[in-house]
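Throughout, protein chains are lettered first and strands after them, A, B, ... in sequence-line order, and every chain is numbered starting at 1.
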Number of protein chains: 2
Amino acid sequence: MTTFRGVNSLAEENYLKALFNLAGESGVVNVNELSRHLNIKMPTVTSMMKKLSAKNLVHYESYKPLKLTEEGEKRAAAIIRKHRLTEMFLVEKMGFGWEQVHDIAEQIEHIQSPLFFEKMDALLGYPKFDPHGSPIPDKDGKMKWKEFHKLSDCLPGEEVILGAVINNSSEFLQFLNSRDLRLGLSISILSVESFDKTMVVHYENHPAETLSHTVCERLLVDKQ
Amino acid sequence: MTTFRGVNSLAEENYLKALFNLAGESGVVNVNELSRHLNIKMPTVTSMMKKLSAKNLVHYESYKPLKLTEEGEKRAAAIIRKHRLTEMFLVEKMGFGWEQVHDIAEQIEHIQSPLFFEKMDALLGYPKFDPHGSPIPDKDGKMKWKEFHKLSDCLPGEEVILGAVINNSSEFLQFLNSRDLRLGLSISILSVESFDKTMVVHYENHPAETLSHTVCERLLVDKQ
DNA sequence: TTATAAAGTTAGACATATCTAACAAATATT
DNA sequence: AATATTTGTTAGATATGTCTAACTTTATAA
Ligand SMILES: [Mn+2]
Ligand SMILES: [Mn+2]
Ligand SMILES: [Mn+2]
Ligand SMILES: [Mn+2]
């Protein structure tokens, strides 16, 4: 049986998604970057980029940075939509913790069944954000980040609300769990150590929690 | 990234499952049968059987029928367990019809995450049967069919309960839907046409429904 | 501005999973 | 028993996705 895999192979889908996720403001990504992110050697990436270019999903020219085409971006967004809907479903409907869902979503995002994800979407009430605060692309592939600031860019005296996390690794999220840090939390900045930028913050029944710069850089907050 | 696929590849998993599903009383399956079922040419099947034999999952000898080893059977049962739990979850927790779930389960059965399926199992209350009446193998790969009879083997005057369906194709299940036939239904056999074995049955507010032999063969019933 | 390092490409190998064509063995039919 | 049919195997080709080694281009540092 020709195991039905939609228009793109599983491998192709993972490249498209990575390109989308790595694209910053400019929308471009280097071969090297992509290679490191996917843990796939550069020559392999180059050859896949030629293939995706032939399918008009990536703009590829030798020695120039990569960029998704409009169609490539649409396909990528659709996969990311499935990933994030899945994460939300796992947390909201199946009782998983936010630190447990990424690896499962990494697999389920490749399921070919529009109906399956429409059902998820409906059961969840058409959510706009995933459990880590990342926006869920709509069916047209459009999404917009809230205007967050890194906690590390905030100043003592400010009171902010935790809106998203920038690193979805299980280890990081478990660390946040251990400090009762979760989305929606109101946090007051008590002080910043100028030497190493360590912050001391207050929230809920944590009168003075110390957070490293590494951690604060990965916490996105809303300044009301 | 070495896309993590447990111990067996997706292709291997589909062969194991097919071997399990096709194995009758004797537990053996012919290359030809497997080839037709999977829609994969015989030479391909032969070479995969050699591979699975090398992994000690299949007993293979030239020109002899195939049989899963004990370990092969365990692996296969684990996949079928995931398939049937998924079908149950889709129907019970996501509102799908029993005619919609097979194709999605065909994909989700390959997800590698024991926790994901344990959660499903728990949320469903550890079900013993899938939405089509097939038994769900337990974690040790053990399962037992209820002692059903084919409706086609029953006689006029008998009153039986529909316990399972033998064909999970969307078309067949939609046909059953159109006649309000579903598991648990109590059915009285009114008459059997000796020429073509067509049955006339009565159930619920269907005073006299005519069912072809082809249909009756695929309905498994309990004689109380 | 040249030398060095980093990034990227080309060429060729390899594993997996599939196919077709040709041949062989087992089974069924006459 | 001889022949024909079905079933199964072997050999060799192809597509996909990965790798290493060697080379080229671009960027960085002397
Ligand atoms: Mn994720
Ligand atoms: Mn993925
Ligand atoms: Mn099924
Ligand atoms: Mn499958």
Side-chain angles (χ1 to χ4, degrees), chain A residues 1-19 22-24 26 28-55 57-68 72 75 79 106-107 110 112, chain B residues 1-19 22-24 26 28-55 57-68 72 75 79 106-107 110 112:
Chain A
M1 158 203 31
T2 341
T3 303
F4 183 60
R5 286 245 70 281
V7 227
N8 296 293
S9 71
L10 200 139
E12 287 172 346
E13 289 196 350
N14 282 331
Y15 281 95
L16 290 173
K17 191 168 65 108
L19 282 165
L22 291 175
S26 61
V28 306
V29 181
N30 298 319
V31 172
N32 187 258
E33 229 183 314
L34 188 51
S35 165
R36 271 182 290 112
H37 182 79
L38 290 171
N39 209 0
I40 286 175
K41 296 293 181 291
M42 284 204 291
T44 308
V45 171
T46 296
S47 81
M48 182 58 93
M49 289 308 104
K50 287 176 172 173
K51 188 178 167 197
L52 292 178
S53 170
K55 293 189 179 186
L57 299 174
V58 169
H59 293 295
Y60 173 79
E61 286 178 85
S62 289
Y63 299 105
K64 294 223 268 173
L66 309 162
K67 194 165 197 270
L68 286 169
R75 302 264 176 100
I79 301 160
E106 202 61 47
Q107 299 177 66
H110 304 289
Q112 301 294 323
Chain B
M1 162 199 30
T2 344
T3 304
F4 183 62
R5 283 246 71 280
V7 229
N8 297 292
S9 71
L10 200 139
E12 287 171 347
E13 289 196 349
N14 282 332
Y15 281 94
L16 291 172
K17 190 167 67 110
L19 282 165
L22 292 175
S26 61
V28 305
V29 181
N30 299 319
V31 172
N32 187 259
E33 229 182 314
L34 189 51
S35 163
R36 270 182 290 112
H37 182 80
L38 290 171
N39 209 0
I40 285 174
K41 297 292 180 291
M42 283 204 290
T44 308
V45 171
T46 297
S47 81
M48 182 58 95
M49 289 308 104
K50 287 177 173 174
K51 188 178 166 195
L52 292 178
S53 170
K55 293 189 178 187
L57 299 173
V58 169
H59 293 294
Y60 173 78
E61 285 178 85
S62 289
Y63 298 104
K64 293 223 268 173
L66 307 162
K67 193 165 198 270
L68 286 170
R75 302 266 176 99
I79 300 159
E106 203 61 47
Q107 300 176 64
H110 304 289
Q112 302 293 323

B:Met48 and B:Thr44: side-chain contact (heavy atoms from CB on, under 4.5 Å), yes or no, with the steps? CA-CA 6 Å; B:Met48 182 58 95; B:Thr44 308; 5.7 Å; no
Are A:Lys55 and A:Val7 close enough, and set up right, to give a side-chain contact (heavy atoms from CB on, under 4.5 Å), and what steps lead you there? CA-CA 10 Å; A:Lys55 293 189 179 186; A:Val7 227; over 6 Å; no
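Between A:Leu19 and the choices A:Leu57, A:Val58, A:Asn14, A:Leu38, the side chain to side chain contact (heavy atoms under 4.5 Å, CB included) rule is met once, by A:Val58.
Residue B:Tyr15 places at least one side-chain N or O under 4.0 Å from the OP1 or OP2 atom of C:dT18. The phosphate of D:dT16 (OP1 or OP2) has no side-chain N or O of A:Ser9 nearer than 4.0 angstrom.
Using modelled atom types, one side-chain atom of A:Ser35 and one backbone atom of A:Ile40 make a donor-acceptor pair closer than 3.5 Å.
We find the NZ-CD1 distance between A:Lys17 and A:Ile79 to be 8.0 Å, quoted to the nearest 0.5 Å.
Look at CG on B:Asn14: it is 17 Å from P on C:dT16, rounded to the nearest Å. Nucleotide C:dG8 holds its C1' atom 10 Å from the CG atom of A:Leu66, rounded to whole Å. Taking atom CG on B:Asn39 and atom P on C:dC19, their separation rounds to 8 Å, with Å as the unit. A straight line from CG of B:Leu10 to P of D:dT16 spans 17 Å, rounded to a whole angstrom. Nucleotide C:dT16 holds its P atom 10 Å from the CE atom of B:Met48, rounded to whole Å. Atom P of nucleotide C:dC19 and atom NZ of B:Lys41 are separated by 5 Å, given to the nearest angstrom.
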Produce a footprint string for nucleotides 5-12 of chain D: one letter per nucleotide, 5' end first; B if the base is under 4.0 Å from any protein heavy atom, S if only the sugar-phosphate is, - if neither. --SBBBB-
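Taking the charged nitrogens against the carboxylate oxygens, A:Arg75 and A:Glu12 have no contact shorter than 4.0 Å, which rules out a salt bridge.
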